[in-house]
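Each remark here refers to the structure printed beneath this line.
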Amino acid sequence: MRRSDRSGERLVATFVLGWVLLNYPVLSLFARPRTVGGVPLLYAWVFAVWVLVIVVMALVIESRRE
Amino acid sequence: MLQGWVIVTVSFAYLGVLFAIAYTGDQRAEAGRSIIANPYTYALSLAVYCTTWTFYGSVGRAASSGVGFLPVYLGPTLAVALWWYVLRKIIRISKAFRITSIADFVASRYGKSQLLGGLVTVIAVLGVIPYISLQLKAVSSSYTILRHYPQIVMPAKAEALPFVQDTALYIALILAAFTILFGTRHLDATERHEGLVAAIAFESVVKLLAFLAVGAYVTFGVYRGFGDIFQRAQELPPLRALTTVSGGGYGTWAFLTVLSMLSVMFLPRQFQISVVENVDENHLHKAIWLFPLYLLLINVFVLPVALGGLMLFSGAGVDADTFVLTVPMAQRKEGLALFAFIGGLSAGTGMVIVETIALSTMVCNDLVMPVLLRLDRLRVGQRGDVSRLLLAIRRLAIAGILLLGYVYFRVAGEAYALVAIGLISFAAVAQFAPAILGGIYWKGATRAGAIAGLSAGFAVWAYTLLLPSFAKSGWMPTGFLTAGPFGIALLRPQELFGLSGLDDISHALLWSLLANGGAYVGVSLIGAPSVAETTQAALFVDVFRHTHATGPSRIWRGTAPVGDLLPLVGRFIGPERAREAFLAHARRRGAERLEDLPADADLVHFAETQLAGAIGGASARVLVHSLVQEEPPGIAEVMDILDEASQVRAYSRELEQKSRELEAATAELRAANAQLQQLDRLKDDFMSTVTHELRTPLTSIRSFSEILLAEPGIAPAERERFLGIIVKEAERLTRLINQTLEMAKIESGSAEWRTSELAVDQVIQEAVEATGQLFREKEVALSLACSAPHPRARADRDRLIQVLINLLSNAVKFCAPRDGRVEVRLREVDDLLRIDVQDNGPGVRPGDQETIFQRFRQAADTVDGTSRGTGLGLAISRRIIEHFGGRLWVESEVGKGATFSFVLPREAPAPGATAAEAGR
């Protein structure tokens with residue numbers, strides 16, 4: 001039970017992380033006319049964070065002990 | 001070739017598959033082998049969030065605003081992280097109270113208010129019906145486009161179809177049939193539709209695969225990967241702007257994120273799928289990462305398809321909203337285009353089906369039923385089987401909603417009002433957020449607050465979003481947009497109070513949520529909740545506590561026999577189902593037959609919950625009220641479940657304790673005060689006595705000194721006698737002062753005691769030796785008798801000797817010279833050592849036998865002028881003996897001498913101690 005209590009907190013932290021990385025001002029740092037492997041930096045950044053958030057949430061959920 | 005009949009056949013084949021899945025799902029559910037009872041189906045069905053507005057619209061938005069389409073999906077991704085707390089709580093509450101729609105949820109939270117349920121329903125219907133129109137339009141347009149293959153003709157430019165050939169109408173009708181078939185097969189207390197959910201999950205798979213297929217084809221088939229598309233786009237200035245956020249875009253970005261966070265929970269269809277259709281609360285956990293993953297996948301190719309389409313159709317007048325369909329068509333990929341069409345069809349139908357069911361439940365339970373129940377003429381409450389009526393209402397509602405959607409589509413057509421409706425709908429349902437989120441975390445929120453908030457938010461939404469959308473569609477004069485109503489510039493709907501710089505959605509969301517939240521909190525704080533509201537508030541906010549502990553029924557005090565309740569419930573959910581439910585309930589409570597069920601509050605609550613599933617909480621309450629002899633919940637019971645109340649009680653308990661402590665302290669103080677007063681009086685007495693006692697020797701010292709001073713010629717013998725008296729009196733004075741001090745010390749408890757284990761016979765021996773001279777001077781005989789084998793006691797040696805000397809010197813003082821006999825005896829009496837000092841003096845009169853132990857009180861007759869004591873000796877002796885736990889008293893008869901006796905607690909003999917003593 002204690003462990004799953006932590007899951008909630010970890011998810012909230014993930015939310016905060018995602019919100020900060022995907023909003024002004026952090027987001028504006030990547031709104032530049034540059035590309036990463038041919039993909040515009042901003043686009044690459046958003047999807048990278050998106051993947052990161054999903055992976056973190058998956059880790060939090062799947063590492064929880066029922 | 002893609003002829004009309006091919007498309008229609010494939011579409012019907014697809015719908016047939018849906019029917020089959022839904023049918024199987026329902027069959028399996030009835031057989032108890034659910035195919036949707038797993039987290040994957042749950043997560044997939046959540047993807048009903050992605051409608052044609054996503055499937056076709058995302059590309060359109062991306063083509064005009066670049067990355068601006070993303071917040072609509074980033075919001076839900078972030079929001080699910082909070083579902084662990086928020087949605088889990090909503091699900092738990094809804095399951096506990098059989099809540100079947102978002103209107104029901106709000107109504108139940110605020111004291112089962114019919115008004116609130118109706119208000120939420122109206123907002124939801126007004127906000128969402130245009131959204132349904134959008135789906136019809138999208139499916140219809142995609143059909144029109146596909147039908148013209150290989151030409152690419154925009155629907156707006158296609159020939160206007162007469163009413164009977166309008167595909168949208170037929171789509172609406174088919175969907176109505178499907179929804180009625182699987183959405184209203186029977187009335188269920190849980191209002192769950194397993195087959196339907198299975199079909200929705202399947203649709204989610206289809207639309208994802210279709211979009212991925214188109215995206216992958218455009219990216220890797222038409223172009224050479226992501227890099228290629230973006231590189232080519234970079235070379236075209238108008239496209240380059242799409243890959244970055246423009247100037248004021250960050251505000252819009254944040255507002256859209258928040259808006260979609262709220263929508264993904266409060267859109268009626270999302271609530272239906274994520275809460276009402278939820279089979280197991282634990283499915284939510286896996287959905288927390290699976291659902292965002294789905295959103296990510298369906299968005300990966302959006303920008304590439306948009307850019308690719310823009311480059312392919314550069315200047316050809318092809319609407320970007322159709323790229324998903326038209327790009328494969330332009331490349332002559334019939335199969336892919338057909339698959340894309342089916343994907344769009346699945347996105348549209350999934351949304352329409354779930355949304356319609358959710359809305360029809362709300363319309364039936366929260367709009368129609370309350371009205372019917374109020375119309376006594378219809379006697380709904382008393383009619384036979386109302387379940388058929390209920391089903392009919394739902395079916396009519398479904399048909400009505402879809403037809404309304406169709407009508408709006410016909411009227412709006414290509415108008416702005418339809419195109420922009422996605423976000424406008426989002427903004428409408430976002431108005432539920434304060435009432436729901438506040439409702440599950442804030443007990444102080446009231447019904448009046450919720451009504452005020454919802455009304456204010458809805459009004460502002462209508463004014464800042466809906467009316468401008470009408471105006472832009474040309475249905476209203478646009479003058480009031482630019483100049484403001486009545487020329488008041490401050491009230492311009494899209495720049496309310498002069499606020500500019502925000503896009504219209506952000507602007508409307510800001511003002512509407514401000515008005516909503518402000519009114520909600522403000523009105524809640526001004527008023528006070530009623531008993532019913534307080535009860536519901538506590539049950540909702542503390543749902544995790546209550547669902548684990550006792551059920552909510554304990555605040556119910558109404559009672560009704562099963563014979564009354566069963567028919568009532570049976571009328572609404574069907575006699576058979578009702579009977580089954582009641583039997584199950586009876587077995588859970590350990591009763592064999594229905595008749596054995598006690599007619600208690602628990603039963604009433606059970607019946608109401610069953611009814612709530614069918615007709616909503618507010619209506620169920622009204623019905624049960626009409627039947628049940630219900631006592632209003634007593635304040636005590638209501639308070640009992642309230643957290644604040646238990647705190648209040650804890651405080652009052654604490655207060656009681658404090659006041660008890662205070663009383664005790666007061667009593668102690670009073671006692672202490674009384675003791676002080678007593679001591680004060682004693683001190684006064686003591687002082688006056690002491691002064692008196694001191695004055696006597698002082699007087700004689702002074703008078704003899706004055707004689708000696710005044711008469712120098714006094715005879716030497718006489719002078720010697722006088723000086724002797726002076727010395728003696730001075731000695732007495734010293735003794736008196738010493739003893740007074742000692743007495744004071746003992747009484748104040750500051751005397752020092754050196755207590756140790758003593759051999760009492762030796763102490764007596766010492767005392768006898770010390771007083772030997774007195775006895776010899778007066779020729780008084782002294783005898784000693786010790787008959788104690790183990791005369792040991794704990795005491796202070798010096799003090800004990802002092803007592804003995806005091807007694808011995810008293811004895812010798814009162815004995816006649818020469819004839820006097822004093823006997824000291826030591827013996828054991830039980831656990832005590834008893835010491836007697838017997839003399840053969842004049843004795844002590846019975847009246848004096850106590851007073852002689854008081855300070856400065858001496859037996860008057862026994863006093864002779866020369867040998868007076870200080871009057872403190874016996875008093876001190878008694879204190880000393882009492883200090884050691886003993887007793888000192890006198891037995892005497894006048895003329896037959898006196899015996900002063902005291903006892904001390906005897907120490908138990910310790911092995912070896914006696915031998916050591918004997919050796920001394």
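Numbered from 1 within each chain, the chains take letters A, B, ... in sequence-line order.
At a 4.5 Å heavy-atom cutoff, the contact between B:Leu78 and chain A is made by backbone and side-chain atoms alike. Only the side chain of B:Leu82 comes within less than 4.5 Å of a heavy atom in chain A; its backbone stays farther off. In this structure, chain A has heavy atoms under 4.5 Å from both the backbone and the side chain of B:Tyr73.
At a threshold of 4.5 Å between non-hydrogen side-chain atoms, the residues B:Tyr250 and A:Asn23 do not count as touching. With a 4.5 Å cut-off on side-chain heavy atoms, B:Thr77 and A:Phe15 do not count as touching. Considering only heavy atoms from C-beta on, B:Thr257 comes within 4.5 Å of A:Trp19 through its side chain. Residues B:Trp84 and A:Ile61 have side chains in contact (heavy-atom distance under 4.5 Å, counting atoms from C-beta outward). Counting heavy atoms from C-beta outward, B:Tyr85 and A:Leu11 have side chains that stay 4.5 Å or more apart. For the pair A:Pro40/B:Gln234, a side-chain contact is recorded, criterion being any heavy-atom separation below 4.5 Å from C-beta on. Looking at A:Glu62 and B:Lys286, their side chains come closer than 4.5 Å, going by heavy atoms from C-beta outward.
Proximity to chain B among residues 48-55 of chain A is limited to A:Trp50, A:Val51, A:Val53, A:Ile54, judged by heavy-atom separations below 4.5 angstrom.
Atoms OH and CG, from A:Tyr43 and B:Leu303 in turn, are 4.5 Å apart once rounded to the nearest 0.5 Å.
Across all non-hydrogen atoms, the minimal contact from B:Asn299 to A:Phe47 is O-CZ, 3.6 Å.
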B:Val67 and A:Val46: side-chain contact (heavy atoms from CB on, under 4.5 Å), yes or no, with the steps?
-> CA-CA 9 Å; B:Val67 290; A:Val46 170; 6.0 Å; no
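Contact count versus chain B (heavy atoms, under 4.5 Å) is highest, among A:Leu41, A:Leu22, A:Val56, A:Thr14, for A:Leu22. Options A:Ala13, A:Gly18, A:Pro25, A:Ala58 differ in how many heavy-atom pairs under 4.5 Å they form with chain B, and the most are formed by A:Ala58.
Within a 6.0 Å sphere centred on OH of B:Tyr441, other residues, nucleotides and ligands contribute more than 12 heavy atoms.
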For residues 215-229 of chain B, run the donor-acceptor check on the side chains, cut-off 3.5 Å, and write out each pair with its distance to 0.1 Å, sequence neighbours left out.
{"from": "B:Thr219", "atom 1": "OG1", "to": "B:Gly215", "atom 2": "O", "distance (Å)": "2.7"}
{"from": "B:Tyr223", "atom 1": "OH", "to": "B:Gly308", "atom 2": "O", "distance (Å)": "3.2"}
{"from": "B:Asp228", "atom 1": "OD1", "to": "B:Arg232", "atom 2": "NE", "distance (Å)": "3.1"}
{"from": "B:Asp228", "atom 1": "OD2", "to": "B:Arg224", "atom 2": "N", "distance (Å)": "2.9"}
{"from": "B:Asp228", "atom 1": "OD2", "to": "B:Arg232", "atom 2": "NE", "distance (Å)": "3.4"}

